[in-house]
Amino acid sequence: MSKTPIYLDYSATTPVDKRVAEAMIPYLTEHFGNPASRSHSFGWTADDAVENAREQVAALVNCDSKEIAWTSGATESNNLAIKGAANFYAASKGKHIITVMTEHKAVIDPVRELERQGFEATFLEPEPNGLLDIAKFKAALRPDTVLASVMLVNNEIGVIQDIEAIGNLCRANGTIFHVDAAQATGKVEINLEKLPVDLMSFSAHKTYGPKGIGALYVRRKPRVRLEAQMHGGGHERGFRSGTLPTHQIVGMGEAFRIAKDEMALENARIRRLRDKLLAGLSEIEEVYVNGDLKQRVPHNLNISFNYVEGESLIMAVKDIAVSSGSACTSASLEPSYVLRALGRSDELAHSSIRFSIGRYTTEEDVDYTIDLLKIKIEKLRELSPLWEMFQEGIDISKVEWAAH
Amino acid sequence: MAYSDKVLDHYENPRNVGVLDKNDDHVGTGMVGAPACGDVMKLQIRVNDDGVIEDAKFKTYGCGSAIASSSLVTEWLKGKNLDQAMTIKNSDIAEELALPPVKIHCSVLAEDAIKAAIADLKQKQAIEV
Amino acid sequence: MDAVYFDHNASSPLDARVLEAMMPYLASGNASSRHSFGRKAREAVESARQQVAESLGAHPTQLAFTSGGTEADNLGLLGMGANLKPSQIIVSAVEHPAVLRTAEAMRRQGWQLRKVGVDADGLVRIDDFLAALEAPTGLVSVMMANNETGVVQDIAAMAELARQRKAVFHTDAVQGLGKMAINFAELNRHGVGALSVSAHKIGGPQGAGALVIDKKLDIRAIQFGGGQEKGLRGGSENVAAIVGFGAACSLLKVQQSAQHTYQLREVLEQGITDLGGVVFGANAKRLSSTSFFSFPDVDGETLVVALDRAGFAVASGSACSSDSTDPSPVLLAMGVMPELAQGAVRVSLNHSNTMHEVQDFLQALNHALNKMQQLAAIAA
């Protein structure tokens, strides 16, 4: 039997791979120098490690290591890319921004901040399967569209957007194109030599690296400019000041090296587990998969269990660590805005679970999860007046509920 | 979200889950809340000819606190007459279950469910008389 | 022999006990997740918040964790500036670039930047400071202790003056933490509104810092998304680094460490003076761990490289700017001649350094200076 709680929340954060931790520890202990110190070997050793990690990150996404700037994580990368590019190009291009309603808060919130500063933003609604209609994106582009930001892989439903098509439209329109790829590394191939993307955000801790470190890809040909958001010693060619946390950078490099080496095999294994989980859960009545199943990373399964309330569902499945939406919004009782944007009702949004499978998920974990869900859903439905009404053939959407 | 032991107990072992015949003249049914708000409570009571509540059943779609609140009131209702039942206050429920402030609405809903069930019963019996 | 590390102001080695505290959290959950993994991470962050707050005489709710001192400085200035009508921002001429460059960037939002000078000892000229305050001033930022010279400013006195002019006062305390007593509650009574600190200068990990802020002040986030740190700093918390920061703070023995480094530095500076060196800021109150000095007619870069070969890691100016060969702006602001400033070398100690190391260093220094003089004589 699996050891509980079973971790199925790899999209919130991943454990650090042991090999990553091993690579990091020497840089916490003997090689502790500040990589900006140019006057002694402690500094040089740290700097070499930082540059080696930069190569490793660049190799996973096929870009030049000079195009990689370190940040404290994907949130900072997104902030730097969006505010930095919008502010730099506003005077020459304009103040219109396009993004999508289902983006991560780390994209939506900086765009909202820009709106406060006088930019105009279009939040595109995705199709019910979570994917963006390219024609709608094209129609939204304006001569003054300075920036577009579209995520590669959605954190809640795992769908993969057609970045290449969107990027080509941006190119033709002279619009800077930013992509949040925090959920994508190690899960989908990224080839920045080919992709028409100007800026791309990465995170280490979604790919078995440590928290507190991320990177921003900034294209050099054609060169993309940014207004720095963090000022100071002029680290990272002035894009981002602040002492580089060497051990974390080393960890990110090693994590991305492992991802490059192992993603093909790993993704095949994870896909088998996900498909098994889907098949098992599909045996339960009235379940709905959220988001397109084909154009989707194999790691993600987001399912709504109809006639069961979300929070009691989370309580019922406390032996598995899952998410009822993005981790950042878990503290609030609001239904997932991503699922709402797909047109899901509040009830179905409330009763959704995101299962995210990863490197250490086993077949036993999946079996346990399927059995657990079957038992718990049945129990909660036995308790549910809505399930009773459904079985009596009452259309719940037609019932007039007393407001409260 | 930290739940009190009492909430967890009611959630794990809900009392009096089930259905009474809603067409029975001695049964009052109250349904409160809305799916879109995240909770729906259905509470039923059956009174004997002396007006004492003999049985109470519930079904709840909602969070652990909502389930616990409705489970608790079914226990409290049994053996009470309608006037006594009307005195059950949401604050009593919240206190008994040590509900955190964000969950007070669950106890309010449970109180509303009692009132709705009694109102339903009174209406039926008034028509009967 | 192992190299002797005399560059603690750049980055201090991680204490073994800090590493031990961090290890379980290198693989922790996301502190925002509600399941047990997430809750453990959340508890660890909150317990570290207690530890850091305690070492600063602050309340845990006054702390916002950041990615380091630079971000804390940026958040302090840009965040408080965002909710003020742009007016004048005053900084000292010897601030760390994290403050100086941020204040310069605020010009874009309409702020007037006024740099107040320092005297020959590196202390802010109070007359200049008062004169600057004549103009309507929204923000003031003066560092607690200088990263290069170690000179300690009278923050409380300046904050009092700023308060009289209704200006918000921020201090960069990155170099002060662990080396001198800091009590935010006390400073706050004198008018200090916000204070920045960093973990990796006190035996904690790189990648964690904090802004301590008076909750009465209006501050806006500069990094958005996720609403962490009560909306002040979006982004998943760097749990392990924050835990390490907390552990490092709980291990601080400020007075003991200051006394120890003071004894070492006395010997060090006596030796330097005997060899003909000049110590900067020697007449001012300084961090007892820091010594910034120069030898007339000796090239600093060459000396630093010679010392590195001899097994001593020292700095030529601050780490961030050590890429450049320009003389230290801090020394120039103190009126030091560029030729002398060019040769400056910084030794920064901590509790782990020994008298033996200092004596060996003086020997190596003597040797290096002799060799350089011989080479100079041959060349001449």
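By convention in this document, chain letters (A, B, ...) are assigned in the order of the sequence lines, proteins followed by strands, and residues within each chain are numbered from 1.
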Is the NZ or CZ atom of A/Arg359 positioned over A/Tyr10's six-membered ring, under 6.0 angstrom from the centre and within 45° of the axis? no
Is the positively charged end of A/Arg112 above the ring of A/Phe123, judged by distance under 6.0 angstrom from the centroid and angle within 45° of the axis? yes
Would you mind checking which part of A/Val399 comes under 4.5 Å of any heavy atom in chain B, side chain (CB onward), backbone (N, CA, C, O), both or neither?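 Interface part for A/Val399: neither.
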Between B/Lys115 and B/Asp120, is the closest basic N to carboxylate O distance under 4.0 Å?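 No, no charged N to carboxylate O under 4.0 Å.
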Assert top hit (heavy-atom pairs under 4.5 Å, partner chain B, pool A/Ala349, A/Gly310, A/Ser351, A/Ser384) equals A/Ser384
Under 4.5 Å from any heavy atom of chain A - which part of [X]:
X	answer
B/Pro35	both
B/Val17	side chain
B/Tyr11	both

Can you spot which of B/Asp49, B/Asn48, B/Asp21 makes a side-chain hydrogen bond (donor to acceptor under 3.5 Å, both in side chains) with B/His26?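 Among B/Asp49, B/Asn48, B/Asp21, the one meeting side-chain hydrogen bond (donor to acceptor under 3.5 Å, both in side chains) with B/His26 is B/Asp49.
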Intermediate values then yes/no, salt bridge (Lys or Arg N to Asp or Glu O under 4.0 Å), A/Arg354 and A/Asp9: CA-CA 8 Å; A/Arg354 176 187 69 185; A/Asp9 203 11; 2.9 Å; yes
For residues 312-321 of chain A, dump all side-chain donor-acceptor pairs below 3.5 Å to protein atoms at least two apart in sequence or in another chain.
residue: A/Ser312; atom: OG; partner: A/Glu309; partner atom: O; Å: 2.9
residue: A/Ser312; atom: OG; partner: A/Glu309; partner atom: OE1; Å: 3.4
residue: A/Ser312; atom: OG; partner: B/Gly62; partner atom: O; Å: 3.1
residue: A/Lys318; atom: NZ; partner: B/Glu12; partner atom: OE2; Å: 3.3
residue: A/Asp319; atom: OD2; partner: A/Tyr368; partner atom: OH; Å: 3.3

Using a 6.0 Å cut-off, check whether atom CD of B/Glu95 has over 12 heavy atoms from anything other than its own residue.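 For B/Glu95, atom CD is not crowded (no more than 12 foreign heavy atoms under 6.0 Å).
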Flag side-chain contact, heavy atom, 4.5 Å: A/Leu348 against A/Phe305: no
Proximity of residues 339-347 of chain A to chain B, residues having a non-hydrogen atom under 4.5 angstrom: A/Asp346, A/Glu347
